[in-house]
Protein chains: 2
Amino acid sequence: MTSTEQRPVWAEHAAQALAEAGYRRGGARRAILELLDEQSCALSAVEIQEALSRRNRDVSRSSVYRVMEELEEIGLLQRVEIGQGMVRYEPVRSGPGHHHHLVCDRCGRLQPFTDDGLERAIRRLSDRVPLHVSEHEIVIHGACETCAAA
Amino acid sequence: MTSTEQRPVWAEHAAQALAEAGYRRGGARRAILELLDEQSCALSAVEIQEALSRRNRDVSRSSVYRVMEELEEIGLLQRVEIGQGMVRYEPVRSGPGHHHHLVCDRCGRLQPFTDDGLERAIRRLSDRVPLHVSEHEIVIHGACETCAAA
DNA sequence: CAAAAGACGAGACACGGTCTTATAAAGGAT
DNA sequence: ATCCTTTATAAGACCGTGTCTCGTCTTTTG
């Protein structure tokens with residue numbers, strides 16, 4: 001149930017949303033936006049910095065974190081906590097696009113998934129539980145096919 | 001479905017399990033065991049160190065982490081990642097006692113819960129998904145009753 | 001009680017992330 | 001176009017959590 005692809009549009013869409021939110025344009029942000037748009041898998045702050053550095057478009061650490069914050073604020077980016085204090089970020093491409101993640105504990109690979117049964121279970125749970133549920137982000141750990149084979 | 005209470009026994013039980021696993025006795029471990037047994041809510045490494053320090057039973061950072069590792073190894077302790085890179089530890093009191101956690105994002109309070117519907121959904125999911133699932137620990141975020149009221 | 005093995009503490013180190021500050025660039029007004 | 005104000009960026013100091021090392025102290029065992 002992978003959602004509709006509209007890869008090359010996100011960066012533009014994001015830039016526009018940013019502008020509407022009152023942000024000015026800037027090189028670092030632009031570069032980060034483009035990078036995120038290309039990559040389909042979620043990246044960590046460090047990975048983003050390194051990837052850009054490799055294409056001679058160095059960006060400071062502060063910029064990465066600042067831009068991540070801005071993008072998350074406007075809802076263009078989703079933080080995914082993959083455990084051990086590691087955090088990755090991925091573009092939110094189409095509308096809400098609610099989904100969860102599978103993390104391979106060996107290679108660190110991240111794959112999205114959606115599951116109606118799971119959502120239903122959580123919705124039911126939310127009503128019954130002594131907590132005003134704001135959000136849920138489920139991360140399931142294991143070994144991906146490649147790693148499990150090896 | 002809160003499991004049977006046997007609070008003051010855990011430390012003893014743990015000490016015995018540790019001994020059977022070939023560990024020697026030592027002051028730091030003893031102190032940590034007792035502290036964990038008293039507290040009902042999960043504690044972070046820092047909180048453990050501070051709590052012990054307050055009762056003039058200083059313990060080194062290394063010891064805290066080492067003991068946590070040992071206890072988790074034997075299955076007497078469960079790591080709970082509550083987000084933002086924060087980790088807390090809680091005693092596993094009775095048998096397997098599989099459960100998940102609700103985290104209040106305002107006060108940090110942690111409450112355990114179990115849900116059969118959720119477990120079923122995850123089991124079904126595990127079969128269908130391209131990942132050899134090793135474990136799952138679900139953390140649901142929100143505001144607890146006290147905080148939501150305020 | 002002595003030797004060996006393990007537990008402990010102190011502190012150096014690693015790493016992800018935050019904060020500060022000076023500089024550079026963008027947008028608006030003229 | 002140019003000046004001026006405001007925001008974005010880079011560099012690097014700083015912080016917190018967790019890891020590693022190593023010397024010392026304690027428990028166990030013979």
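Residue numbers start from 1 in every chain, and the chains themselves are labelled A, B, ... in the order their sequence lines are given, proteins ahead of strands.
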*Would you say dA11(D) has OP1 or OP2 under 4.0 Å from some side-chain N or O of R61(A)?*
no

*Please work out if R29(A) contacts a base, only the sugar-phosphate, or nothing of the nucleic acid, heavy-atom cut-off 4.0 Å.*
sugar-phosphate

_Minimum-distance pair of heavy atoms, taken over all atoms of W10(A) and L76(A)_ = CZ2-O, 3.2 Å

*What is the distance, rounded to the nearest whole Å, between atom CG of L33(A) and atom P of dT9(D)?*
11 Å

*Phosphate OP1/OP2 of dG18(D): any Y65(B) side-chain N/O under 4.0 Å*: yes

*Once you round it to whole Å, what is the distance between P of dT7(D) and CD of E70(A)?*
12 Å

*Pair H101(B)-E81(B), side-chain donor/acceptor within less than 3.5 Å*: no

*Is the shortest heavy-atom distance from the side chain of L43(B) to the side chain of E50(B) under 4.5 Å?*
no

_Can you measure I48(B) atom CD1 to dG9(C) atom P for me and round it to whole angstrom units?_
14 Å

_Between P on dG11(C) and CG on D58(B), what's the gap in Å once rounded to a whole number?_
13 Å

*With the sugar-phosphate defined as primed atoms, P, OP1 and OP2, and the base as all remaining atoms, what B/S/- string results for nucleotides 24-30 of chain D, 5' to 3', for protein heavy atoms under 4.0 Å?*
---BS--

*Group every Ile, Leu, Val, Met, Phe, Trp and Tyr by side-chain heavy-atom contacts under 4.5 Å, then state whether Y23(B) and L35(B) land in the same group.*
yes

_Students often get this wrong, so: under 4.0 angstrom with heavy atoms, is R57(B) touching a base, only sugar-phosphate, or nothing?_
sugar-phosphate

*asked:* Any side-chain N or O of S63(B) below 4.0 angstrom from OP1/OP2 of dG9(C)?
replied: yes

*Quickly work out the R30(A) CZ to dT7(D) C1' distance and round it to whole Å.*
17 Å

*Think S60(A) has a side-chain N or O under 4.0 angstrom from the OP1 or OP2 of dA10(D)?*
yes

*Separation of M86(B) atom CE from dG18(D) atom C1', in whole Å?*
11 Å

*L52(A) CG - dA10(D) C1' separation (whole Å)*: 14 Å

_Can you identify which nucleotide, out of dC8(C), dG17(C), dT9(D), has its nearest atom closest to the V67(A) side chain?_
dT9(D)

*Are the side chains of L125(A) and V133(A) in touch, meaning some heavy atoms are under 4.5 Å apart?*
no

*Would you indicate, yes or no, if dC8(C) has its OP1 or OP2 atom less than 4.0 angstrom from a side-chain nitrogen or oxygen of R66(B)?*
yes

*Just checking, is any N or O donor in the side chain of S126(B) or R123(B) under 3.5 Å from an acceptor N or O on the other one?*
no

*Would you list the pairs meeting side chain to side chain donor-acceptor pair (under 3.5 Å) in which at least one residue belongs to residues 140-150 of chain A, sequence neighbours left out?*
D105(A)-H141(A)

_Whole-Å gap separating C1' (dA10(C)) and CD (Q49(B))_ = 11 Å

